[in-house]
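Note that the structure is a prediction, hence the values are computed from the model and not measured. What's counted below: heavy atoms across the whole structure, side chains too, no hydrogens, waters or symmetry copies. Both ligands and their constituent atoms are indexed starting at 1 by order of listing.
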Amino acid sequence: MLITHDTQCALDVLVDLLNTAPEAAEQEGLPDLAALRDFVIRHEISEVGTLTTADLEAVRLVRTQFRAVFLADSTPEAAELVNTLVAKAGSTPRLTNHDGHDWHMHFFAPCAALADHLAVEAGMALAFIVVAGERERLRHCEAPDCARVFVDLSRNRSRRYCDSRTCGNRMHVAAYRARQRTAAESPDALATALRG
Ligand SMILES: [Zn+2]
Ligand SMILES: [Zn+2]
């Protein structure tokens, strides 16, 4: 898949952001400004000024809007959502080599509010995914009690579960137990099991 390191990093930030949502994390993962500041530091998000409760609310709103991109049924739907997010935030593409990083693009406007910064950078990363024909890699976990999202980077796009709460393992165990139950309810299988 032809995506750059910067796109990959922006997607990592986005997935982490989306998985702080109450529906994905069981409780609000960004409950206050301290949590938001931690998020900014953890992801080394640059050019972030003093954060306010307005920033917190705006980031939560953007989070909800991005979640819809991962849940979109079609590429046109996803494209429209991404276009709306980026247009509303306003972007100023420019080259930068801040903090010892090699030359790379920033798409957010200088001095942009954090929510706009995230909307533009994550929006552009998603745009590159769509352009690469890889929109279907934007997934939500198929475990029934899990609402986390992830980007499926597997070669054959076969990933169905998030890894953060080992949903894949849980689902495989559940399927194994279900098979055992079916076998136990079938007399032939029971006889085989008893002989074994
Ligand atoms: Zn940068
Ligand atoms: Zn999951």
**OP:** Would you please name every residue forming a side-chain hydrogen bond (donor to acceptor under 3.5 Å, both in side chains) with Glu57, sequence neighbours left out?
**Re:** none
Original post:
Residues two or more places apart in sequence or in another chain: which of them pass side-chain hydrogen bond (donor to acceptor under 3.5 Å, both in side chains) with Arg42?
Top reply: Asp16
Original post:
Given atoms SG of Cys167 and SG of Cys146, what angle do they subtend at the Zn ion (ligand 2), to the nearest 10 degrees?
Top reply: 110°
Original post:
Does the side chain of His104 come under 3.5 Å of the side chain of His98 through a donor N or O and an acceptor N or O?
Top reply: yes
**OP:** Flag the pair Arg63 and Glu28 as a salt bridge only when some basic side-chain nitrogen lies within less than 4.0 angstrom of an acidic carboxylate oxygen.
**Re:** yes
**OP:** Classify the ring geometry between Phe108 and His117 as parallel (under 30°), tilted (30 to 60°) or perpendicular (over 60°).
**Re:** parallel
Original post:
Does Asn156 have any side-chain contact (heavy atoms from CB on, under 4.5 Å) partners at least two apart in sequence or in another chain, and if so, which?
Top reply: Ser154, Ser158
Subject >> Environment of the Zn ion (ligand 1) in terms of protein N/O/S atoms, cut-off under 2.8 Å >> reply: His98 NE2, His104 NE2, His106 NE2
